[in-house]
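Some notes on the structure that comes next.
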Amino acid sequence: MDPKVIELVQSSWRSVEPIAPQAAELFYGNLFAADPALKALFKGDMVQQGAKLMQMIGAAVRGLDDVPSLLPVLQALGVRHQGYGVSPKDYEVVGAALLDTLAQGLGAAFTPDVQDAWATVYTTMASVMTQAAEQGRAAA
């Protein structure tokens, strides 16, 4: 992955971390506004779910410095999400909700370059996750 893309994502994420609870709330608001049917996939406490989401994104962002180590984590996450009922089309909605959330949380710091970097990273990660889910389905 391009070092400039990694730097843009990691540096912008450092600005999101202090507002992680608010970012999680924004994310789920954006997600459920875009596709209310996705709300049925979430069974537990949404504050705890949001904290887990922010931790997972943070770990993935830090993992961009070591993509070979990140890949099996993403693959396992993709298989797990498939088990929760997440479909490949849901990843598009999630990606849009993530970009909307980053735009809201970062404001003017969410420049076109930062947006493109996040889109690149998210698309790559979502691709790894969906491929792993498909392989898991095929093996079952």
Side-chain angles (χ1 to χ4, degrees):
M1 192 166 295
D2 183 274
K4 177 72 172 164
V5 167
I6 293 171
E7 173 53 32
L8 287 170
V9 168
Q10 288 178 335
S11 64
S12 61
W13 183 250
R14 285 191 289 275
S15 297
V16 174
E17 286 180 313
I19 60 164
Q22 296 90 337
E25 187 175 341
L26 283 171
F27 171 79
Y28 286 114
N30 291 330
L31 182 65
F32 300 147
D35 189 346
L38 291 176
K39 197 166 194 171
L41 298 177
F42 297 89
K43 310 290 187 223
D45 178 285
M46 290 308 294
V47 173
Q48 289 179 342
Q49 179 65 37
K52 289 177 186 177
L53 172 71
M54 293 294 114
Q55 289 171 353
M56 182 207 60
I57 294 173
V61 167
R62 287 185 297 279
L64 292 173
D65 289 324
D66 185 8
V67 173
S69 294
L70 181 59
L71 286 176
V73 174
L74 292 173
Q75 291 165 336
L77 192 60
V79 171
R80 198 163 55 245
H81 277 81
Q82 185 258 330
Y84 298 148
V86 176
S87 71
K89 70 174 181 55
D90 297 333
Y91 284 89
E92 292 176 34
V93 180
V94 169
L98 176 63
L99 293 177
D100 288 346
T101 300
L102 291 165
Q104 292 166 311
L106 294 171
F110 195 63
T111 64
D113 286 344
V114 171
Q115 180 177 354
D116 289 347
W118 273 97
T120 296
V121 167
Y122 178 79
T123 301
T124 302
M125 290 183 178
S127 176
V128 169
M129 291 172 68
T130 56
Q131 287 174 7
E134 289 172 18
Q135 290 171 350
R137 251 192 311 273

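In this text, all values refer to a predicted model and were calculated from it rather than measured experimentally. Any value given below was found using the heavy atoms of this structure, including those in side chains, with hydrogens, waters and symmetry copies removed.
With hydrogens and angles ignored, the 3.5 Å screen pairs no side-chain donor or acceptor of Asp116 with any backbone N or O of Asp113. Between the side chain of Ser127 and the backbone N or O of Thr123 there is no donor-acceptor pair closer than 3.5 Å. The backbone N or O of Met129 sits nowhere less than 3.5 Å from a side-chain atom of Gln75 that would complete a donor-acceptor pair. A donor-acceptor distance shorter than 3.5 angstrom exists from the side chain of Lys43 to the backbone of Ala40, with no hydrogens or angles considered.
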Handout entry: Trp118/Val9 under side chain to side chain contact (heavy atoms under 4.5 Å, CB included): CA gap, chis, key distance, verdict
Key = CA-CA 6 Å; Trp118 273 97; Val9 168; 3.6 Å; yes
Practice task
I would like to know whether Thr101 and Tyr28 meet side chain to side chain contact (heavy atoms under 4.5 Å, CB included); could you show each step before the answer?
Solution key: CA-CA 9 Å; Thr101 300; Tyr28 286 114; over 6 Å; no
Practice task
Check step by step if side chain to side chain contact (heavy atoms under 4.5 Å, CB included) holds for Leu31 and Asp35.
Solution key: CA-CA 6 Å; Leu31 182 65; Asp35 189 346; 5.8 Å; no
Practice task
Might you work through the side chain to side chain contact (heavy atoms under 4.5 Å, CB included) test for Tyr122 and Leu99, ending with a clear yes or no?
Solution key: CA-CA 9 Å; Tyr122 178 79; Leu99 293 177; over 6 Å; no
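The structure places CG of Asp2 at 8.5 Å from OG1 of Thr120, a figure rounded to the nearest 0.5 Å. In this structure, the separation between CE on Met46 and CG on Leu53 is 8.5 Å, given to the nearest 0.5 Å. For the atom pair Gln104 CD and Leu26 CG, the distance stands at 5.0 Å (nearest 0.5 Å). Put simply, CG on Leu64 and OG1 on Thr124 are 9.5 Å apart, with the number rounded to the nearest 0.5 Å. Here Gln22 contributes atom CD and Glu25 contributes atom CD; the two are 8.0 Å apart, rounded to the nearest 0.5 Å. For the atom pair Asp90 CG and Gln82 CD, the distance stands at 11.5 Å (nearest 0.5 Å).
Cluster membership check: Leu74 does not share its hydrophobic cluster with Val79, using side-chain heavy-atom separations under 4.5 Å among Ile, Leu, Val, Met, Phe, Trp and Tyr. In the hydrophobic clustering of ILVMFWY residues, with side-chain heavy atoms under 4.5 Å counting as a link, Val47 and Leu41 come out apart. Tracing side-chain contacts under 4.5 Å through hydrophobic residues (I, L, V, M, F, W, Y), one reaches Val94 starting from Leu77; they form part of the same cluster.
Relative ring orientation between Phe42 and Phe32 is described as perpendicular, the plane-to-plane angle rising above 60° on a 0-90° scale split at 30° and 60°.
Pairing each heavy atom of Ala34 with each of Val93, the nearest pair is CB-CG1, 3.8 Å. A pairwise comparison of heavy atoms in Tyr91 and Gly78 identifies OH-CA, 4.0 Å as the closest pair. The minimum heavy-atom distance between Gly58 and Trp13, with the atom names listed, is CA-NE1, 3.3 Å. Taking both residues in full, the closest heavy atoms of Val16 and Leu102 are given as CG2-CD2, 3.8 Å, listed atom of the first, atom of the second, then distance.
Side-chain contact check for Asn30 versus Phe27: every heavy-atom pair is 4.5 Å or farther apart. At least one side-chain heavy atom of Arg14 sits less than 4.5 Å from a side-chain heavy atom of Ser11. Counting only heavy atoms from C-beta outward, the side chains of Ile57 and Arg62 never approach each other to under 4.5 Å.
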